[in-house]
Enquirer: 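Take this structure, written in C-alpha cells, and hold onto it; I'll ask about it next.
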Amino acid sequence: MSVIPKEVLSDYKELFEQANKLVEDESKSDPPTDPYRSHYKARDVLLTLKKLLDDQLVSLQASEADGGQEELIYKAMLGFVQRDLGRIYIFTEESSEGEKYLVRCLELLESHKQRPECIIAYMGAINELSIVLGSRQEYKKAADLLLKAEQSYQAFKQSGEVALNLTELHTPDETPGGGNQELENIYTLCGFYLAQMYGHIGEPEKSAQCCHRTLYRQLQYKTYDPIDFALNTATLSQYYIGKDRFKEARHHLAAATIIMAEHEATMLKPEMSEQQRADYTETFKHRYADVARCWAKYGLSLLQVSRERLLADDDEDEDGNKLNKATAQLALEDQDYRFVDLDLAACERRVSCDFCLTFDDAKLVFHFVNEWLDVAKDYYKAETEATEYAKIMQDFAEAYEAIAFFEDNPENQAKMQKRRAKYLEDLLDLLDPVFYLKICRECWYVAGTAHAAVTDIRLDNMKAQQSPTPEEVKKVNQSCLKAIKHFESYAKSYLVDNTEKWRSNMELCEQRLMLFAHFHIGRLYYKLIGANPQQQLEQLNQCLRYYKRFSEACAEHKEASQPMHGEIGVVREMLELLPLKIMTVKRRLE
C-alpha cells in the first residue's frame, strides 16, 4: 500500500495524463508550421511535475526519513518523468538535452532497478538511450547498455515480483497486472534494438537470434502487426539463406505465409468504408508479393548452392564444411529459430530444405520457384513497377539457368537456355536503355551467355555426327549470332561516343565483365560456320579484332584481368594462330 495521500497521487496522475494526451492525441493536429507545439506543451507539464517531485524528495530527505516506500515511489515517478522528458527532447531534435534526462533517470533508479516500481522506467530509459547512441554510431556502447537491461529483466523475472506501471503507482488500491504486459513489451523492444546494434558491430548471428526472439515474443504476447511481422520474418529468412541454412529459412518463410493467410481471412471488417477496404487489400497484395519474392529467392539459392556443391572439387574441404554446419545445427535450440506455437508443417512440406542431387529433386524446386514468381508478377506489373517487374523476369531466367545444370539431355538443356534468353529478350524489348541502362546491361550479358551455351550444345551435337545437315548448321549460326549481338550491345554501352575507348568511371567488376564480353565475342566469331571463304575471312578478322581488344584491355586494366589466366592464355595462342588462318583463307580467295 502506498503511504502517499490519494489526493496527492491524483494530482500527479492528472499531470501525467495531460502530458500523455498532448503527445499521443493532440500532436496529430499540430500544424506543419509548428510541428512540435503539443510536444512543447507536454514538456512544460512534465517539467512542472518534475519540480513537484524534486521538492517532495528534498523535503523527505530533510526530514531524515528512512528512505522507505514513500521515497521509492517518488523516485519511481520521477524516473518516469525523466524518461518521458528524454523522449520528448529527442523527438523535438534536442538529443543532447534528451540524453541528459535519460542518463539522470538511470542514475536515479540504478540502486532500485530490481524493484517492481522502477524496472519499467529503468528499462524504458535504456531503450531510448540506445537509439541516441546508435544515431551517433556508438553501437558497441548501445549494445552493452541493452545487455545490461536484459540482465535486469532476467533477474527481475527470477524474483517472481510483478512489475508496476505508472497507472498502478497512481492508483495503488487497484489489482496490479498491466505493468507485467508493459514490461514484456519493453523487453521485446530491447531485443529489437539489440539485434540492430549487433548487426552494426559485425555480429550477424547474434543479430539474427535477437531478431527471431523479438518476432517470437511478438507472437507470444500478441503484440504484432501481421503485415510487419510477415515482412520482418521473410527478411530474416534471407540471412539464413545467405548462410545455406535452408531449414531455418524455410521455417521463417512458412511463418510469414501462415500469418499473412490468417490476416487475409480477417482483415476486412463490415464497418470499413470502400476506400479502407481497397487500401487494406492493396497493402496485402503488395506485401504478399514481397513474401512471394523471398520464397523465390529461397528456391533459387537452394538450386544454386546445390549446383556449387556438386561442382566442388575439394571433397576434404566440403566434408569439413558439412561437419562445421552440422555442429552449428546441433548447438541451436528451438527458441533460437523456431516458432513452436505455429503449425507450419503443411507449408514447410511444399518444398524441400535438402540440397538437390538429381534432376527430379531440382525440378520440384524449379516449379515451386515459378509458382511464387507468378504470384509476384501478378502484383508487380511492367506498366507501373518496371524495375521490380524486371527483377522478377530476371529471376525467371535464373531459374531456367539453374534447372538446365541438372538436365542430362543436351537438347533439353538447349531449350532451357533458350527460354532463359527469351525472358531477358522480352524484357529488353520492353525497357528503354536510356532509363534502365543497368538492367539492360545485365540482360544483354546474361542473354549472350545463354545463347553461347546453346551454341556450344549444338556444336557438340554436330561433332557427334559425320555430316551435319544445313538446318543444323543454320541453327548453330543463329544462336551464335544472337549471342554476339547481345555481347556487342553490352560492350558498346561502355564505349565513349562510338569510339573504342572505355568509359573512365567503370568499376572493377564492370571492367572484368567487359573483358569477358570481348573474350566471348572473339570466341563466338571463331565458332561461326562460314558458308564460303569470304564469309570465313570476315569472321576470322572479327575474331582477331576482338581478341586484340581483349589483350590490349587486359594490359590496361591489370587489376580487372588478374583472375583471367585461362582466358589470357587462350587469346595469346589465338593471336599467333589467327594470322596464319587468315592467310590460308586469303590464298583460297586468290
Enquirer: Taking the side chain as every heavy atom from C-beta outward, state whether W444 and P433 have any pair of such atoms under 4.5 Å apart.
Expert: yes

Enquirer: Enumerate, atom names and distances included, each donor-acceptor pair closer than 3.5 Å involving a side-chain atom of residues 298-306, sequence neighbours excluded.
Expert:
from: Y298; atom 1: OH; to: S352; atom 2: O; distance (Å): 2.8
from: S301; atom 1: OG; to: K297; atom 2: O; distance (Å): 2.9
from: Q304; atom 1: NE2; to: E308; atom 2: OE2; distance (Å): 3.2
from: S306; atom 1: OG; to: L302; atom 2: O; distance (Å): 2.6
from: S306; atom 1: OG; to: C356; atom 2: N; distance (Å): 2.8

Enquirer: Name all pairs fulfilling the side chain to side chain donor-acceptor pair (under 3.5 Å) condition that reach into residues 382-392, sequence neighbours left out, sorted by first residue then second.
Expert: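 Side chain to side chain donor-acceptor pair (under 3.5 Å) check on residues 382-392 returns R293-E388.
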
Enquirer: Is there a donor-acceptor contact under 3.5 Å linking the side chains of W295 and T257?
Expert: yes

Enquirer: Quick check: does any side chain N or O of N127 sit under 3.5 Å from a backbone N or O of L189, one acting as donor and the other as acceptor?
Expert: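 Not confirmed, N127 side chain does not pair with L189 backbone.
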
Enquirer: Report the distance from atom CD of Q137 to atom CG of L133, rounding to the nearest 0.5 Å.
Expert: 12.0 Å

Enquirer: Would you check if there is a donor-acceptor pair between the side chains of D395 and Y423 at a distance under 3.5 Å?
Expert: no

Enquirer: Only distances under 3.5 Å count here; give the side-chain donor-acceptor pairs of residues 362-376 to other protein atoms, sequence neighbours excluded, each with its distance to 0.1 Å.
Expert:
from: N370; atom 1: ND2; to: F366; atom 2: O; distance (Å): 2.9
from: E371; atom 1: OE1; to: R350; atom 2: NH2; distance (Å): 2.8

Enquirer: Report the residues that fulfil side-chain hydrogen bond (donor to acceptor under 3.5 Å, both in side chains) with T188, sequence neighbours left out, ordered by chain and then residue number.
Expert: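 T188 satisfies side-chain hydrogen bond (donor to acceptor under 3.5 Å, both in side chains) with R217 once adjacent residues are dropped.
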
Enquirer: Roughly how far apart are Y526 OH and C543 SG, rounded to 0.5 Å?
Expert: 7.5 Å

Enquirer: Once rounded to the nearest 0.5 Å, what's the spacing between atom CG of L231 and atom NE2 of H286?
Expert: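 Answer for the CG-NE2 pair, L231 versus H286, is 8.5 Å.
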
Enquirer: Taking T358 for its side chain and D361 for its backbone only, find out whether a donor-acceptor pair lies under 3.5 Å.
Expert: yes

Enquirer: Taking the six-membered ring where the residue is Trp, are the ring centres of Y379 and Y288 under 6.0 Å apart?
Expert: no

Enquirer: What I want to find out is whether E248 reaches R245 closely enough, with some N-O distance under 4.0 Å, to be called a salt bridge.
Expert: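 A salt bridge is present here (some side-chain N lies under 4.0 Å from a carboxylate O).
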
Enquirer: Going by the side chain to side chain donor-acceptor pair (under 3.5 Å) test, which pairs reach into residues 427-441, not counting sequence neighbours?
Expert: K438-E442, R441-S493

Enquirer: What residues, two or more places apart in sequence or in another chain, satisfy side-chain contact (heavy atoms from CB on, under 4.5 Å) together with V476?
Expert: T455, R458, L459, M462, I529

Enquirer: Would you say the side-chain atoms of Q413 pair up with the backbone N or O of E407, donor to acceptor, closer than 3.5 Å?
Expert: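 Yes, because the side chain of Q413 sits within donor-acceptor range (under 3.5 Å) of the backbone of E407.
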
Enquirer: K222: what forms a side-chain contact (heavy atoms from CB on, under 4.5 Å) with it, not counting sequence neighbours?
Expert: none

Enquirer: Y36 vs F91 aromatic rings, parallel, tilted or perpendicular, using cut-offs 30° and 60°?
Expert: perpendicular

Enquirer: Under the 6.0 Å and 45° cation-pi test, does R549 pair with Y546?
Expert: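 Because its charged atom sits under 6.0 Å from the ring centre and within 45° of the axis, R549 does stack over Y546.
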
Enquirer: Take K527 and D456 through the salt bridge (Lys or Arg N to Asp or Glu O under 4.0 Å) test and state the conclusion after the steps.
Expert: CA-CA 9 Å; K527 291 188 175 190; D456 290 339; 2.6 Å; yes

Enquirer: Do side-chain atoms of D30 reach the backbone of S38 as a donor and acceptor pair under 3.5 angstrom?
Expert: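 Yes.
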
Enquirer: Going by an N to O cut-off under 4.0 Å, is there a salt bridge joining R136 and E99?
Expert: yes

Enquirer: Could I get the full list of side-chain contact (heavy atoms from CB on, under 4.5 Å) partners for E507, not counting sequence neighbours?
Expert: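 Only C509, E510 meet the side-chain contact (heavy atoms from CB on, under 4.5 Å) criterion with E507.
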
Enquirer: Taking only residues two or more places apart in sequence, or in another chain, which ones meet K41 in a salt bridge (Lys or Arg N to Asp or Glu O under 4.0 Å)?
Expert: none

Enquirer: Got a second to check how far I90's CD1 is from H39's NE2, nearest 0.5 Å?
Expert: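 So the CD1 of I90 and the NE2 of H39 are separated by 11.5 Å.
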
Enquirer: For H212 together with Y337, are the ring centres under 6.0 Å from each other?
Expert: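 For Y337 and H212, the ring centres are not under 6.0 Å apart.
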
Enquirer: Within a strict 4.5 Å, meaning less than it, do heavy atoms of the T223 and Q181 side chains meet?
Expert: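 Side chain of T223 against side chain of Q181, heavy atoms only: contact under 4.5 Å found.
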
Enquirer: Between Y224 and F229, is the ring centre distance below 6.0 Å?
Expert: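 That pair passes the under 6.0 Å test.
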
Enquirer: Is a salt bridge present between D228 and R287, judged by a nitrogen-to-oxygen distance below 4.0 Å?
Expert: no

Enquirer: Please check if the distance between the ring centroids of F550 and H518 is under 6.0 Å.
Expert: no

Enquirer: One pair to check against side-chain hydrogen bond (donor to acceptor under 3.5 Å, both in side chains): H451 and E425. What are the steps and the verdict?
Expert: CA-CA 11 Å; H451 282 300; E425 287 164 345; 2.7 Å; yes

Enquirer: Answer whether the closest heavy-atom distance between the side chains of C294 and Q238 falls below 4.5 Å.
Expert: yes

Enquirer: Is there a donor in the side chain of E348 and an acceptor in the side chain of H251, or the other way round, less than 3.5 Å apart?
Expert: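 There is such a pair (donor and acceptor under 3.5 Å, judged by atom type) between the side chains of E348 and H251.
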
Enquirer: Roughly how far, to the nearest 0.5 Å, is CD1 of I259 from CD of E264?
Expert: 13.5 Å

Enquirer: Are C443 and H486 packed together at the side-chain level, in the sense that at least one heavy-atom pair is separated by less than 4.5 angstrom?
Expert: no

Enquirer: Using a cut-off of 6.0 Å, state whether more than 12 heavy atoms not belonging to F192 lie near its atom CZ.
Expert: no

Enquirer: For T92, which residues count as a side-chain hydrogen bond (donor to acceptor under 3.5 Å, both in side chains) partner, sequence neighbours excluded?
Expert: E94

Enquirer: Check whether the side chains of Q275 and Y280 place a donor and an acceptor atom closer than 3.5 Å, and report yes or no.
Expert: no

Enquirer: Test of understanding: with ring-ring contact (aromatic ring centres under 6.0 Å, His included), list the residues that count as partners of H557, not counting sequence neighbours.
Expert: W502

Enquirer: Pick out which of Y494, F487, F516 makes a ring-ring contact (aromatic ring centres under 6.0 Å, His included) with Y445.
Expert: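 Of Y494, F487, F516, ring-ring contact (aromatic ring centres under 6.0 Å, His included) with Y445 is met by F487 alone.
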
Enquirer: Tell me if a side-chain donor or acceptor on Y547 pairs with a main-chain N or O of R523 at a distance below 3.5 Å.
Expert: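 Checking the backbone N and O of R523 against the side chain of Y547, a donor-acceptor pair under 3.5 Å is found.
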
Enquirer: Taking the side chain as every heavy atom from C-beta outward, state whether D460 and P410 have any atom pair closer than 4.5 Å.
Expert: no

Enquirer: For E471, which residues count as a side-chain contact (heavy atoms from CB on, under 4.5 Å) partner, sequence neighbours excluded?
Expert: T469, K474, K475

Enquirer: Using a 4.5 Å cut-off on heavy atoms from C-beta on, say whether the side chain of L310 contacts that of F405.
Expert: yes

